[in-house]
Amino acid sequence: MTSEKRVVVIGGGLAGLRLAERLGPAAAVTVLGEESHVPYNRVLLAEVLAGRYAPEVTALPAPGPVLRRGVRAVRVDRAERAVHCDDGTVAAYDTLVLATGSNAVLPPLRGLFEPGGRELPDGVHAFRTMDDCLALSAAVRPGVRAVVIGGGLLGVSAARALAARGAVVVLAQQGERLMERQLDADSSALLATHLTGLGVEIHTECRVRGLVTTGSPTAPPPGTRRGADTPRKVTGVELADGYRLDADLVVLACGVRPRTGLAQAAGLDIRKGIVVDDELRTSDPRIHAIGDCAEHAGQVYGLAGAALEQADALAAVLTGGSAPYTGTRALTRLTLGGTGDGSLDLAAFGETTPLPGDDVVRLTDGTRRTYRKVVLRGDRLVGGVLLGELSTVGALARTWEGGEAPHDLFHLLTDDGGH
């Protein structure tokens, strides 16, 4: 690829900016970033909400003039090889890269929207973007009643952050346990104990049916009628069993969905995400996709590590490399703060729930509040979960990523493996 080749990247997040950085002077790169904020690391938003970091701490390295902030791509014309933007400009490309990310899932809750409307009631927040984070941060204060809907990684992070700000937090999880995609039953129970110690009230196997809002059709204030110019305000959450939780704030942490609208309108192949091959090409060979919006070998990762690996792999492809992208082995890490030494670190990788015939090695120390478990299939390490003390996670993850047989598993579990 020469510098005359025009590469247009739609999306100014981790994946898009990493690709622009890796391409450097090898191409004429333009990045279209919809958000007007300085680019930021989405992984750190919970720390901003908790008050531990100022928003500027999350800033990504300045990408320079290649980034056009506050510009939204509205249409891809594959025949013209051009991207039409909401400000009337047109960006011509030789290679187009879709790094459009994902949107927060807004669940089909009764009372979430008015008929024909798309405005959330006051007090109801998604938790996906910097704008979401700043709005929620402005609304929280000590004693405010907050209900977090969703007990995955995002919901747990939001609940912990709100509790750190002094909110009275209830976490409602529809599944049997917290972070069920990453943690096994034992480690999830330890996580729940830790969150309870931070003041978070947890309800699992708890389905939310709807929201109660002032003036909403589901719960109008007795003897009153809402005026047309009076904004709706959330006052509670209604559960499937009829129980009601009072709420001043509701956080929707129900997962994310790949942003595929542009690709779909352009006629590209879509399943869960934008379908790509081992060179991260879509069904149009001039268009690639990376990050949360991309589906490779049936997998949509939705993780920062995968987005960065895909950006690196695509940069190699576009600059003449031939190594295919074969997938990402994802490691999840999270730090849950507490007072004094009351923080809890956790890490999970691979398959944490064993299959019949698998071997499991588990070490638990109740005094030190540590838990370490690995799953072995034959002589291969296929997954693990650690809570409390993570000094061994690097060596374990390297063994797992390399598909190696651990030569001294006890040493890996109890020491740093010599690293």
Side-chain angles (χ1 to χ4, degrees), residues 42-47 102 104-105 127-128 148-161 171-196 198 200 202-206 251 253-258 272 292 298-309 327-337 343-355 358 360-364 369-377 381-401 413:
R42 202 181 307 278
V43 174
L44 299 177
L45 289 181
E47 301 301 325
S102 55
V105 171
F127 187 47
R128 180 64 182 159
V148 178
I149 302 175
L153 178 62
L154 193 62
V156 166
S157 299
R160 181 268 298 184
L171 178 58
Q173 161 69 332
Q174 186 168 324
E176 293 182 359
R177 62 180 188 265
L178 300 179
M179 290 183 63
E180 55 190 354
R181 288 182 58 187
Q182 293 91 5
L183 303 183
D184 65 355
D186 291 336
S187 55
S188 182
L190 290 170
L191 171 61
T193 298
H194 178 77
L195 288 174
T196 300
L198 297 179
V200 178
I202 299 170
H203 296 269
T204 55
E205 298 184 273
C206 172
V251 180
C254 305
V256 296
R257 181 177 292 119
K272 291 178 291 185
D292 290 6
Q299 179 77 31
V300 176
Y301 290 97
L303 296 169
L308 295 175
E309 284 190 17
T328 294
R329 310 201 78 179
L331 169 69
T332 298
R333 295 187 69 150
L334 181 64
T335 296
L336 297 169
S343 64
L344 179 71
D345 293 327
L346 67 85
F349 57 90
E351 301 176 48
T352 59
T353 300
L355 298 177
D358 289 347
V360 177
V361 179
R362 183 184 288 109
L363 299 176
T364 304
R369 296 188 307 133
T370 62
Y371 174 86
R372 299 175 184 182
K373 167 190 162 181
V374 293
V375 179
L376 298 164
R377 187 164 301 149
L381 180 63
V382 298
V385 57
L386 297 88
L387 275 81
E389 169 55 54
L390 303 188
S391 63
T392 66
V393 71
L396 284 169
R398 284 190 292 274
T399 302
W400 166 66
E401 289 169 352
L413 279 173

Given Glu47 and Arg160, is the salt bridge (charged side-chain N to carboxylate O under 4.0 Å, His left out) satisfied, shown in steps? CA-CA 10 Å; Glu47 301 301 325; Arg160 181 268 298 184; 2.8 Å; yes
Apply side-chain contact (heavy atoms from CB on, under 4.5 Å) to Leu355 and Glu351, showing your working. CA-CA 9 Å; Leu355 298 177; Glu351 301 176 48; 4.2 Å; yes
Evaluate Leu381 against Leu376 for side-chain contact (heavy atoms from CB on, under 4.5 Å), listing each step before the verdict. CA-CA 5 Å; Leu381 180 63; Leu376 298 164; 4.1 Å; yes
For a side-chain contact (heavy atoms from CB on, under 4.5 Å) check, start with the C-alpha distance between His194 and Leu387, then their side-chain angles and the critical distance, and finish with the verdict. CA-CA 11 Å; His194 178 77; Leu387 275 81; over 6 Å; no
Applying side-chain contact (heavy atoms from CB on, under 4.5 Å), run through Phe349 and Thr332 and close with a yes or a no. CA-CA 6 Å; Phe349 57 90; Thr332 298; over 6 Å; no
Before giving the answer on side-chain hydrogen bond (donor to acceptor under 3.5 Å, both in side chains), spell out for Asp345 and Thr335 the whole-Å C-alpha distance, their side-chain angles and the decisive distance to 0.1 Å. CA-CA 4 Å; Asp345 293 327; Thr335 296; 2.8 Å; yes
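Between Ser187 and Leu183, the shortest heavy-atom distance links the atoms OG-CB, 3.3 Å. The two atoms that bring Leu303 and Ala330 nearest to each other are CD1-CB, 3.3 Å, heavy atoms only. Across Thr204 and Arg177, no two heavy atoms sit closer than the pair CG2-CA, 4.2 Å. Contact between Asp292 and Gly302 at its shortest, heavy atoms only, is OD1-CA, 3.4 Å. The minimum heavy-atom distance between Val300 and Pro258, with the atom names listed, is CG1-CG, 3.8 Å. Closest non-hydrogen pair, Gly155 versus Leu171, comes out as O-CD1, 4.1 Å.
Counted within 6.0 Å of CZ on Arg257, heavy atoms from surrounding residues, nucleotides or ligands total 12 or fewer; the atom is thus considered open. Heavy atoms from other residues, nucleotides or ligands lying under 6.0 Å from CD of Gln299 number more than 12.
For the pair Gln174/Ile149, no side-chain contact is recorded, criterion being any heavy-atom separation below 4.5 Å from C-beta on.
In this structure, Arg128 contributes its side chain and Val256 its backbone to no donor-acceptor pair below 3.5 Å. Listed for the Glu180 side chain is no donor-acceptor partner under 3.5 Å among the backbone atoms of Gln182. In this structure, the side chain of Tyr301 engages the main chain of Thr328 through a donor-acceptor pair within 3.5 Å. Judged by distance alone, the side chain of Lys373 and the main-chain N or O of Leu363 form no donor-acceptor pair under 3.5 Å. Of the possible donor and acceptor atoms, none in the side chain of Thr352 sits under 3.5 Å from a partner among the backbone N and O of Ala348. In this structure, the side chain of Gln173 engages the main chain of Gly151 through a donor-acceptor pair within 3.5 Å. Side-chain N or O atoms of Thr196 include one that pairs as donor or acceptor with a backbone N or O of Ala192 at under 3.5 Å. At least one donor-acceptor pair under 3.5 Å links the side chain of Ser157 to the backbone N or O of Leu153. Here the side chain of Arg372 pairs no donor or acceptor atom with the backbone of Val385 at under 3.5 angstrom.
Taking CG of Leu190 as the start and CG of Leu195 as the end, the distance is 11.0 Å to the nearest 0.5 Å. Considering OG1 of Thr392 and CG of Leu396, their distance stands at 4.5 Å, rounded to 0.5 Å. Atoms CG and OH, on Asp184 and Tyr371 in that order, are 3.5 Å from each other to the nearest 0.5 Å. In this structure, the separation between OG1 on Thr364 and CG on Asp186 is 7.0 Å, given to the nearest 0.5 Å. The CZ atom of Phe127 lies 6.0 Å from the CG atom of Leu154; values are rounded to the nearest 0.5 Å. Leu390 contributes atom CG, which lies 7.5 Å from atom CG of Leu346 (distance to the nearest 0.5 angstrom).
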